[in-house]
Each structure stands twice: as C-alpha cells, then as structure tokens.
Amino acid sequence: MGRRKNLSEEELLDRAMHVFRRDGFAGASAEVLVRETGASRYNLYSSYGNKEGLFTAALDRYNQEIIDTRFGPLEQPNADLDDILALLEFYGAAGSGPVAGLGCLLCNSAVEFGGRNQPDAVQQYFDRLSGAFRNALDNAKAKSQLHTDVDTVALSEFLCTNVLGLFVLIRANTDPGRIQNAAKQARDYLDRLRR
C-alpha cells in the first residue's frame, strides 16, 4: 500500500478512525482521508474497497482499541460494582479531556445513521456495552455488593443508556460540570443499591 514510510496498517486505521470520529462518515471526504492517513486514494480504495470498507475497518479498530480498553474490564470474570463506578468516574471527567468535542465513534455513528443503513458494528456495540454492565452487575450481586432484588438486566440497560448519553454530551462539548454531574448521579444511584 502506498503510504508514508513506516506507516503501519494500525496507524492508518487510527488516523482514519480519528477522521471519522471528528467528521462523521458523511463529512469525511476522500481528500481528507487521503491527507490524514497518508495513503493515496487508489491504495485506500484498493485495500478497503470503498469508503464504507475503510469506515468498517475503522469501526473495528475503534472497538478493539477503545471499547476493549474501557469496557473490557467490565467483561472480566471478576468485574463488579467498583469497575462500573470507575468507568462512570472516567467518563464523567472526559468532558474536559482530549475527547471533548469528539465523543465516541460508535455512538456518533449511531446518531449519524439513525435507523437507516446502520453498520452492524453499531448494534453489536450496544449489545456489548449492555452485556459488559450485566456481567459486572451479576458479579456484584453474587459478591453481595448489591441487594438481591436488583434487576441486573434493567439496570444494565439503564447504565448503557446513561453512558451513551454521556458520550453525546462529550461530543457536543457540553459544560464539563454537567457531564460530571450526570455521571455522579449514576454513581450515587448505584451506591444506593449497595447491600
């Protein structure tokens, strides 16, 4: 592939991921993708087929690099309430960090595409987030961290929705205090469910 010297496949996808995260699928022009990835238009499209193929590869890369890092701990066999609280605290602080104004590529894509021609990765992402929360909540219940009557399915959907809302606020570059407060409310709610 005709890229800048020493540019790996991962670096190319990281750059494409950033463009799509910042500009969205529709807003990411071929010219910008070529300029910011360092690959020629011909080589980008011969490797990925078209813009959709590059976008799909960037979504996969985002899932591996970002979602694995943030939500992977909640998927572990020993995950529990403390892992959820740490995640909420992290995203509560993200409004004043480097992702302010960018948000989450998968969440941004869900909003951009709506119900039409949505990439499969988007629904898989929602399922993964809910599943990660459910795993940690089920473990928390088994460890007697939560009251026995807590509905972990409903609570995992609530937490998934809360985090997606935080991502939208982060993307909108909302006042960081508002984002911190929203995350704190979710943490406080979980604390009230402690056993």
Side-chain angles (χ1 to χ4, degrees), residues 1-76 79 87 90-91 94-95 97-136 156-157 159-174:
M1 194 180 217
R3 297 186 201 117
R4 291 183 191 148
K5 197 173 181 180
N6 300 324
L7 185 65
S8 70
E9 184 78 7
E10 291 79 17
E11 290 171 312
L12 180 140
L13 289 175
D14 286 347
R15 291 176 182 192
M17 184 175 70
H18 177 74
V19 172
F20 288 124
R21 190 176 186 182
R22 183 191 67 214
D23 300 343
F25 176 78
S29 69
E31 292 76 21
V32 171
L33 287 165
V34 165
R35 183 178 67 243
E36 295 199 24
T37 62
S40 72
R41 183 187 303 228
Y42 171 79
N43 285 327
L44 274 180
Y45 292 137
S46 67
S47 294
Y48 298 101
N50 53 27
K51 182 177 166 183
E52 289 82 3
L54 178 60
F55 183 63
T56 298
L59 287 174
D60 289 343
R61 178 77 175 156
Y62 187 84
N63 192 39
Q64 293 168 355
E65 290 301 304
I66 307 300
I67 304 303
D68 280 357
T69 300
R70 296 292 163 225
F71 287 87
L74 272 65
E75 297 171 317
Q76 298 302 309
L87 180 81
F90 172 82
Y91 282 119
V99 298
L102 292 175
C104 166
L105 175 60
L106 286 158
C107 185
N108 296 349
S109 299
V111 172
E112 179 178 1
F113 285 94
R116 58 185 201 290
N117 301 321
Q118 196 172 78
D120 292 340
V122 172
Q123 189 57 53
Q124 292 166 1
Y125 163 70
F126 293 147
D127 293 343
R128 182 177 184 188
L129 267 57
S130 291
F133 281 123
R134 174 122 188 245
N135 178 65
S156 68
E157 293 299 330
L159 290 169
C160 182
T161 302
N162 180 270
V163 167
L164 293 172
L166 292 175
F167 294 157
V168 171
L169 293 174
I170 292 166
R171 169 69 175 181
N173 220 0
T174 302

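Throughout, residue positions are numbered sequentially from 1 according to the sequence presented. Heavy-atom basis, side chains included; hydrogens, waters and symmetry copies ignored.
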d(Leu74 CG, Ser156 OG) to nearest 0.5 Å is 11.0 Å

Compare every heavy atom of Leu105 with every heavy atom of Ala58, then report the nearest pair and how far apart it is.
O-CD2, 4.1 Å

Using the rule given for side-chain hydrogen bond (donor to acceptor under 3.5 Å, both in side chains), can you reason through Asn43 versus Ser40, listing the C-alpha separation, both sets of side-chain angles and the distance that settles it, and then say yes or no?
CA-CA 5 Å; Asn43 285 327; Ser40 72; 3.1 Å; yes

Check whether any side-chain N or O of Thr174 sits under 3.5 Å from a backbone N or O of Ile170 as a donor-acceptor pair, and report yes or no.
no

Does Glu36 use its side chain to pair, donor to acceptor, with the backbone of Val32 at less than 3.5 Å?
no

Do the side chain of Arg21 and the main chain of Gly103 share a donor and acceptor less than 3.5 angstrom apart?
yes

Any residue meeting ring-ring contact (aromatic ring centres under 6.0 Å, His included) with Tyr125, in chain and number order, not counting sequence neighbours:
none

4.5 Å side-chain heavy-atom contact, Val163 and Phe71:
yes

Using only atom types and a distance under 3.5 Å, with no angle test, would you say the side chain of Glu112 pairs donor to acceptor with the backbone of Phe25?
yes

Distance-only side-chain donor-acceptor flag, Asp120 / Gln124, under 3.5 Å:
no

Heavy-atom closest pair, residues Ala110 and Val122
CB-CG1, 3.5 Å

With a 4.5 Å limit on heavy-atom distance, are the side chains of Glu31 and Arg41 in contact?
yes

Return the minimal non-hydrogen interatomic distance between Ala100 and Gly95, and the atom names on each side.
CB-O, 3.2 Å

Within the 4.5 Å heavy-atom criterion, are Leu54 and Leu13 side-chain neighbours or not?
yes

About how many Å separate CG of Asn162 and CG of Leu129, when rounded to the nearest 0.5 Å?
11.5 Å

Determine the interplanar angle of the Tyr91 and Phe167 rings, folded into 0 to 90°, and report it as parallel if under 30°, tilted if 30 to 60°, perpendicular if over 60°.
perpendicular

Do Pro119 and Thr56 come close enough that some side-chain heavy atom pair is under 4.5 Å?
no

Mark yes or no for whether Asn63, through its side chain, and Leu59, through its backbone, hold a donor-acceptor pair below 3.5 Å.
no

Should Leu106 and Phe126 count as side-chain neighbours, where that means a heavy-atom distance under 4.5 Å?
no

Quick one: does Phe20's side chain get under 4.5 Å of Lys51's, heavy atoms only?
yes

Heavy-atom closest contact (Leu33 atom, Ala28 atom, distance):
CD1-O, 3.9 Å

So which heavy atom on Leu102 is nearest to which on His18, and how close?
CD1-CE1, 4.1 Å

Please report the interatomic distance OG(Ser8) to CG(Leu12), rounded to the nearest 0.5 Å.
8.0 Å

Listing request: all side chain to side chain donor-acceptor pair (under 3.5 Å) pairs with a residue in residues 64-74, at least two apart in sequence or in separate chains.
Arg61-Glu65, Asp68-Arg128

